Amino acid sequence: MTNKIQTVLPTGILAGIAATLLVLGANAQLSFASVLYAASSLPIFIAGLGWGNRAAVIGIVTAGILGAILVSPMFAVAMAVFTLIPAGWLSHLANLARPASELGGPDNLMAWYPISDILLHLCGLVTIAVIALGVAIGYGPELTNRMVDAMIAALQAQEPAFTPEPAGMAQTKSLLVLMLPLVQGGVWVTLLFAAFYIAVRIVSRSGRAVRPREDMPSALRMNRHAIFIFLGGIVLAFLGGVPAMIGATICGTFGAGFLMAGFASLHFRSLGKDWRIPALVLCYLSSILVLPAIAILILGLSDTRRTIALTPLKAGASPDNKTTDNKID
């Protein structure tokens, strides 16, 4: 027990220090701010997936203390809410397992928490975080209108002859107030899941993984219940005002989940095909356009499932802490 604590404590502290340095680097290097900020979740993911919940919690607390000392308490709270706590929670979920016999499966197998449910939790956490950020900064039409006016003023300073049409300006302002939370939520879900995937690969190669590595093309799908949340977000987006901004956030976060599931489905369906590589390259390149991206999202919507990974139950082995304490629902 002493050896385990001696390993977990320094691992968690190092993870917290690394996460803080990455966030500080994001503030210093604005060109790669989003990537560096999302990468700050990677040390917490690695600590949680390889050393368990205690290491992840120690990493989050360490990063919070350092952030509060070096910058400000609000900086530490923002770092924890947007990156570190979601990383710790997802690593906890990934380590959950129970005997497959409790789910009607064989007695000699262990059933792990589904990737689809992990992605569902990620979409929900990012939705809450983006809404919290909007409340904190007073996000709304007034803020986006000032942003548009500032951009137009900058353009007119470079091109004095540029005079936007009032109707076009009004339409741009009405679209921007919904597009910003939609894009921010979608990008954040994608970056955090990418960090989770990279951490899984790193920990698996190190031999410390609690959870066995899964085949993402076959496992990465959205939970069918997420469809109703996504449709609810679409309905809210048409109501106007605050409900529309919340709906746009939901559409962005859960839409990103379905988009990733759609790409995973494409990878799975094209396995062993001669045309696989050129088709996937074409799909990825064309997804920067709206209609191809919607087609892939629809594929993700049409292929929802809850795949549970099963592995042999090793004698004396258990997932994070005790198997009986980490049961999947």
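These numbers come from a predicted model, not from an experiment.
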**Student:** Under 3.5 Å, side chain of Ser270 to main-chain N/O of Lys273, donor-acceptor pair present?
**Tutor:**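 Absent.
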
**Student:** With a 3.5 Å distance limit and no angle check, can you tell me whether Arg208 reaches the backbone of Val203 through a side-chain donor-acceptor pair?
**Tutor:**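 Not a single qualifying donor-acceptor pair exists.
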
**Student:** Is a side-chain donor or acceptor of Ser204 paired with a backbone partner of Arg201 at a separation under 3.5 angstrom?
**Tutor:**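 Pair absent, no side-chain N/O of Ser204 close to backbone of Arg201.
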
**Student:** Between CZ of Phe75 and CD1 of Ile69, what distance do you get to the nearest 0.5 Å?
**Tutor:**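 Here the interatomic distance stands at 12.5 Å.
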
**Student:** Nearest 0.5 angstrom please: Leu9 CG to Leu14 CG, how far?
**Tutor:**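 Reported value, rounded in 0.5 Å steps: 9.5 Å.
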
**Student:** Looking at Tyr139 and Val177, would you say the former's side chain and the latter's main chain have a donor-acceptor pair under 3.5 Å?
**Tutor:**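 Yes, Tyr139 side chain to Val177 backbone: donor-acceptor pair under 3.5 Å.
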
**Student:** Sub-3.5 Å donor-acceptor pair from the side chain of Thr190 to the main-chain atoms of Gly186, do we have one?
**Tutor:**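 Yes: the side chain of Thr190 pairs with the backbone of Gly186.
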
**Student:** Take Leu84 and Trp89 through the test side-chain contact (heavy atoms from CB on, under 4.5 Å) and record every step on the way to the result.
**Tutor:** CA-CA 9 Å; Leu84 306 185; Trp89 180 247; over 6 Å; no

**Student:** For a side-chain contact (heavy atoms from CB on, under 4.5 Å) check, start with the C-alpha distance between Phe258 and Ile227, then their side-chain angles and the critical distance, and finish with the verdict.
**Tutor:** CA-CA 9 Å; Phe258 283 113; Ile227 295 177; 3.8 Å; yes

**Student:** What's the shortest heavy-atom distance between Ser91 and Ile44, and which atoms?
**Tutor:**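 Result for this residue pair: OG-O, 4.5 Å.
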
**Student:** Report the residues that fulfil side-chain hydrogen bond (donor to acceptor under 3.5 Å, both in side chains) with Thr249, sequence neighbours left out, ordered by chain and then residue number.
**Tutor:**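 Partners of Thr249 under the side-chain hydrogen bond (donor to acceptor under 3.5 Å, both in side chains) test: none.
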
**Student:** Under 4.0 Å between a side-chain nitrogen and a carboxylate oxygen: does that hold for Asp303 and Arg305?
**Tutor:**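 A salt bridge is present here (some side-chain N lies under 4.0 Å from a carboxylate O).
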
**Student:** Which heavy atom of Thr62 sits nearest a heavy atom of Gly12, and at what distance?
**Tutor:**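 Nearest heavy atoms, Thr62 then Gly12: OG1-O, 4.4 Å.
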
**Student:** Just how far is it from atom NE2 of His121 to atom OG of Ser116, taken to the nearest 0.5 Å?
**Tutor:**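 Those atoms lie 9.5 Å apart.
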
**Student:** Just by modelled atom types, is the Pro217 backbone N or O under 3.5 Å from a matching donor or acceptor in the Arg221 side chain?
**Tutor:**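 A pair under 3.5 Å: yes.
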
**Student:** For Phe193 and Ile115, which heavy atoms make the closest approach, and how far apart are they?
**Tutor:**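 In this case the closest contact between Phe193 and Ile115 is CZ-CG2, 4.4 Å.
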
**Student:** Pair His225, Phe230 - check side-chain contact (heavy atoms from CB on, under 4.5 Å), show working.
**Tutor:** CA-CA 9 Å; His225 298 303; Phe230 183 66; over 6 Å; no

**Student:** Taking side-chain contact (heavy atoms from CB on, under 4.5 Å) as the definition, give me every residue that meets it alongside Val281, ordered by chain and number, with sequence neighbours left out.
**Tutor:**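 Testing Val281 for side-chain contact (heavy atoms from CB on, under 4.5 Å), a comparison that skips the adjacent residues, returns Ile277, Leu285.
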
**Student:** Is there a side-chain contact between Pro86 and Val126, using heavy atoms and a 4.5 Å cut-off?
**Tutor:**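 Contact flag for Pro86/Val126 side chains = no.
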
**Student:** Could you walk me through whether Phe82 and Tyr37 pass the ring pair (Phe, Tyr, Trp, His ring centres under 6.0 Å) check?
**Tutor:** CA-CA 9 Å; Phe82 279 93; Tyr37 204 85; 7.2 Å; no

**Student:** Give the cluster check for Ile137 versus Val187: same hydrophobic cluster or not, with ILVMFWY residues linked at side-chain heavy-atom distances below 4.5 Å.
**Tutor:**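 In one cluster with Ile137: Val187, yes.
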
**Student:** Do you know which two heavy atoms are closest between Val130 and Gln184, and how far apart they sit?
**Tutor:**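 Residues Val130 and Gln184, closest heavy atoms: CG1-OE1, 3.9 Å.
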
**Student:** Specify the closest pair of heavy atoms between Ala244 and Ala237, including all atoms of both residues, with the distance to one decimal.
**Tutor:**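 Ala244 and Ala237 have their closest heavy atoms at CB-O, 3.6 Å.
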
**Student:** In sequence, state the C-alpha distance, the side-chain angles, and the governing distance for Leu120 and Phe254, and then conclude on side-chain contact (heavy atoms from CB on, under 4.5 Å).
**Tutor:** CA-CA 8 Å; Leu120 178 65; Phe254 284 83; 3.6 Å; yes

**Student:** What is the minimum heavy-atom distance between Val8 and Trp51, and which atoms define it?
**Tutor:**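 Here Val8 and Trp51 meet closest at CG2-O, 4.0 Å.
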
**Student:** At what distance, to the nearest 0.5 angstrom, does CG of Leu280 lie from NE2 of His267?
**Tutor:**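 Here the rounded value is 4.5 Å.
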
